[in-house]
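Structure record follows, encoded as structure tokens.
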Amino acid sequence: MRQKKRIIFLLTGAMFLAGCGAGNSVSAVENSKTPGTAEAEEAAAEETAGDLSGGLDPSDMFTDRDREIGYDEEMSARILLADDQSTCDSDAVQIDGNTITITDEGTYILSGELTDGMVVVDAQDTDKVQLVLGGVKITSAQSAAVYVRSADKVFVTTASDSENILTNGGTYTAIDENNIDAVIFSKDDLTLNGSGTLTIQAKAGHGVVSKDDLVLTSGVYEIEAEKHGLSGKDSVRIADGTYNIVSGKDGIHASNEEDTSLGFIYIAGGSFEISAADDGMHADSALRIDGGTIHVAESYEGLEGLSIDITGGDIDVTASDDGLNAAGGNDSSGFKGGGGDIFAAEEGAAICISGGTLHVNASGDGIDSNGALTISGGETYVSGPTNGANGSVDFNGEGVITGGIFAAAGSAGMAQNFGSSSTQGVLMVTVDTQAAESVISLRDSSGNEMISWTADKEYASVIVSCPEIVQGETYTLAAGSSTQEITMDTLVYGSGMGGQRGGAAGKGGMGGRPDGSMPGRGGMKGQMGEAPEGTAPDPDERMKELPDGAVPGQEGQINEIPDGTVPGQEDQVNEIPDGTIPDQEGTLNSIPQGENLQI
């Protein structure tokens with residue numbers, strides 16, 4: 001059984017993940033629709049949702065009514081819940097045993113308890129309905145506790161200081177044509193807000209699902225779900241609040257298979273503490289971070305989206321696979337060979353870092369883009385993998401650095417440097433394996449310290465870049481016990497042995513000079529071993545000729561690759577039987593007939 005993941009959100013900052021919209025000025029106390037400017041703005045916000053082609057404006061992502069938690073008690077209908085004795089004096093509320101159905105626009109204040117029942121909103125598709133939870137406890141043994149069958153938009157508001165609990169008993173039995181699979185399930189736009197606490201317990205299925213936009217602007221939420229905690233088809237947008245999510249799949253999930261411009265996550269304020277068995281944050285399309293504090297203490301992949309754009313914030317990610325992963329689809333945790341995806345660059349995939357501070361500790365690739373990687377600002381520090389099948393940086397398109405501070409350390413086997421289109425100096429070198437917690441520093445010819453950073457894990461490859469690096473100057477790089485003087489003959493110093501990939505320096509693990517020479521075993525002490533064509537250094541600095549069909553081993557040894565085999569995770573050669581592929585750890589899995597390989 002998959003281990004459940006715990007996600008805790010304490011939202012206080014200013015951060016968002018991708019999307020667009022427009023504001024309005026609809027008051028939460030309005031109980032009837034009045035045509036006019038406010039309503040037009042509300043409609044405009046909904047119609048423009050998902051248009052990711054233009055600039056993003058955080059002020060346009062939430063309407064005034066999304067944020068408004070007030071309501072007029074005198075103009076609201078009261079629903080008192082009790083097993084087989086629920087009451088309400090509104091003609092818009094139908095009571096059938098423990099099923100409460102709301103059929104008209106308005107504000108409804110709920111209190112009481114149902115041990116096996118549900119509240120259904122079945123209004124016109126032009127109606128806005130507000131449900132105020134004023135201390136309720138609803139369990140639905142075989143369906144949703146709150147089910148929005150039809151409405152324009154529903155607001156679920158927790159009353160001040162109230163404690164509310166919604167629960168599913170562990171199964172979902174169909175009651176109509178809709179596939180209800182969450183404690184709160186909505187076919188239409190859904191907003192959660194308030195100043196109370198809402199506890200959601202999904203023994204089966206998801207916590208909260210909206211088949212349109214899911215918006216959360218305030219409140220305290222305790223969510224435990226067998227699958228996703230929060231899920232929106234078009235988008236998930238969070239403005240503020242406190243979130244503690246335990247889920248068997250993604251804590252926050254956005255996916256739209258019909259429209260690739262939708263399925264985005266947008267967070268406008270936040271300090272996050274995340275521990276996840278799967279992805280820390282997953283969006284099928286765009287993931288954008290402009291600020292806030294994000295700490296992903298545990299995850300499979302930390303941050304994942306087709307595109308990842310970081311312009312600000314304080315972000316710390318720990319991942320058992322990739323720290324940042326730009327790839328399309330529901331999950332890209334399928335076969336990856338040699339630390340990178342085996343397929344060509346993916347359209348729309350990109351990682352752009354232009355601000356903020358990012359720390360990554362990843363056992364897979366530190367930063368992995370199925371397309372381009374661009375660093376233009378901020379501070380980025382990557383403790384990459386210790387195994388040779390991954391790298392601290394991996395991209396299938398072009399890798400460019402034009403600004404900011406960048407430091408990465410990891411294994412040398414698949415090391416990859418930025419490409420020649422970079423306009424800021426960057427250097428990559430291979431070193432003797434250095435211990436975890438050893439300091440990496442770069443000094444100029446006058447001894448001034450330009451970069452100083454402590455790597456989290458042991459490493460054998462180092463990449464550093466900062467605006468002060470100038471072509472033609474000489475610098476001293478200290479990595480643990482090793483020191484080397486480097487003259488920047490070009491802005492991009494050192495490359496992998498694997499050749500060019502999409503215009504960027506290739507992989508292979510040997511940092512060196514642009515002229516093709518490379519450091520020997522003691523290279524960090526300044527010695528340089530010349531690499532004759534067709535040879536590679538061994539651990540004792542001797543050069544060994546590369547036979548046809550051979551590659552350097554993990555420590556520089558040459559291993560021949562027999563026909564029909566691939567290197568294993570630790571550079572062992574494993575035969576590939578017909579109809580199988582290596583998995584993430586290098587073992588072989590059979591591909592059943594008719595099934596597709598996922599990335």
Side-chain angles (χ1 to χ4, degrees), residues 7 9 11 13-21 49-53 55-56 58 61 213-214 216 228-239 249-256 259-270 272 274 276 278-296 299-317 319 321-333 346-356 358 360 362 365-375 378 380 395 599:
I7 299 183
F9 303 96
L11 303 179
M15 163 186 158
F16 67 89
L17 302 174
C20 71
D51 179 12
L52 303 179
S53 60
L56 301 178
M61 186 52 59
D213 295 312
L214 176 59
L216 302 98
H228 301 316
L230 300 173
S231 179
K233 182 177 181 180
D234 290 350
S235 68
V236 177
R237 315 175 190 197
I238 301 176
K249 289 192 175 179
D250 297 332
I252 301 177
H253 179 90
S255 176
N256 188 310
D259 189 338
T260 56
S261 69
L262 299 175
F264 63 88
I265 300 174
Y266 178 110
I267 298 179
F272 294 73
I274 303 175
D278 201 357
D279 301 336
M281 294 184 179
H282 175 94
D284 274 8
S285 58
L287 180 69
R288 177 170 172 134
I289 301 174
D290 275 11
T293 301
I294 304 172
H295 180 210
V296 181
S299 67
Y300 176 69
E301 291 183 325
L303 306 177
E304 183 173 57
L306 177 60
S307 63
I308 300 174
D309 192 1
I310 298 174
T311 67
D314 187 356
I315 305 166
D316 192 321
V317 172
D321 194 52
D322 300 338
L324 274 63
N325 185 37
N330 290 325
D331 202 331
S332 59
S333 58
E346 182 172 356
E347 182 178 359
I351 295 177
C352 300
I353 301 173
S354 59
L358 172 64
V360 175
D365 296 321
I367 298 178
D368 182 2
S369 175
N370 279 9
L373 170 63
T374 302
I375 310 289
T380 303
F395 47 89
I599 295 300

Decide yes or no for [X] and [Y]: does some side-chain heavy atom of the first lie under 4.5 Å from some side-chain heavy atom of the second?
{"X": "L306", "Y": "E346", "value": "yes"}
{"X": "T380", "Y": "I310", "value": "no"}
{"X": "D279", "Y": "N325", "value": "no"}

Over all heavy atoms of both residues, which pair between [X] and [Y] is shortest? Give the atoms and the distance, please.
{"X": "F264", "Y": "A286", "result": "CB-O, 3.7 Å"}
{"X": "G371", "Y": "F395", "result": "O-CB, 3.6 Å"}
{"X": "A350", "Y": "S369", "result": "CA-OG, 3.7 Å"}
{"X": "D309", "Y": "T311", "result": "OD1-CG2, 3.8 Å"}
{"X": "A319", "Y": "E301", "result": "CB-CA, 4.2 Å"}
{"X": "H282", "Y": "I265", "result": "O-CD1, 3.0 Å"}

V360: which residues meet the side-chain contact (heavy atoms from CB on, under 4.5 Å) condition with it, sequence neighbours left out?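 So V360 forms a side-chain contact (heavy atoms from CB on, under 4.5 Å) with L324, L358, A362, V382.
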Give a yes or no answer on whether the side chain of S285 reaches the backbone of G263 with a donor-acceptor pair at less than 3.5 Å.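 Between the backbone of G263 and the side chain of S285 there is a qualifying donor-acceptor contact (under 3.5 Å).
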Could you list the residues that satisfy side-chain hydrogen bond (donor to acceptor under 3.5 Å, both in side chains) with D314, not counting sequence neighbours?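 D314: no side-chain hydrogen bond (donor to acceptor under 3.5 Å, both in side chains) contacts found.
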Nearest 0.5 Å please: distance from the [atom1] atom of [X] over to the [atom2] atom of [Y].
{"X": "I289", "Y": "I294", "atom1": "CD1", "atom2": "CD1", "answer": "3.5 Å"}
{"X": "L262", "Y": "D284", "atom1": "CG", "atom2": "CG", "answer": "10.5 Å"}
{"X": "T293", "Y": "F272", "atom1": "OG1", "atom2": "CZ", "answer": "9.5 Å"}
{"X": "I252", "Y": "L230", "atom1": "CD1", "atom2": "CG", "answer": "5.5 Å"}
{"X": "D321", "Y": "D368", "atom1": "CG", "atom2": "CG", "answer": "8.0 Å"}
{"X": "S299", "Y": "D322", "atom1": "OG", "atom2": "CG", "answer": "9.5 Å"}

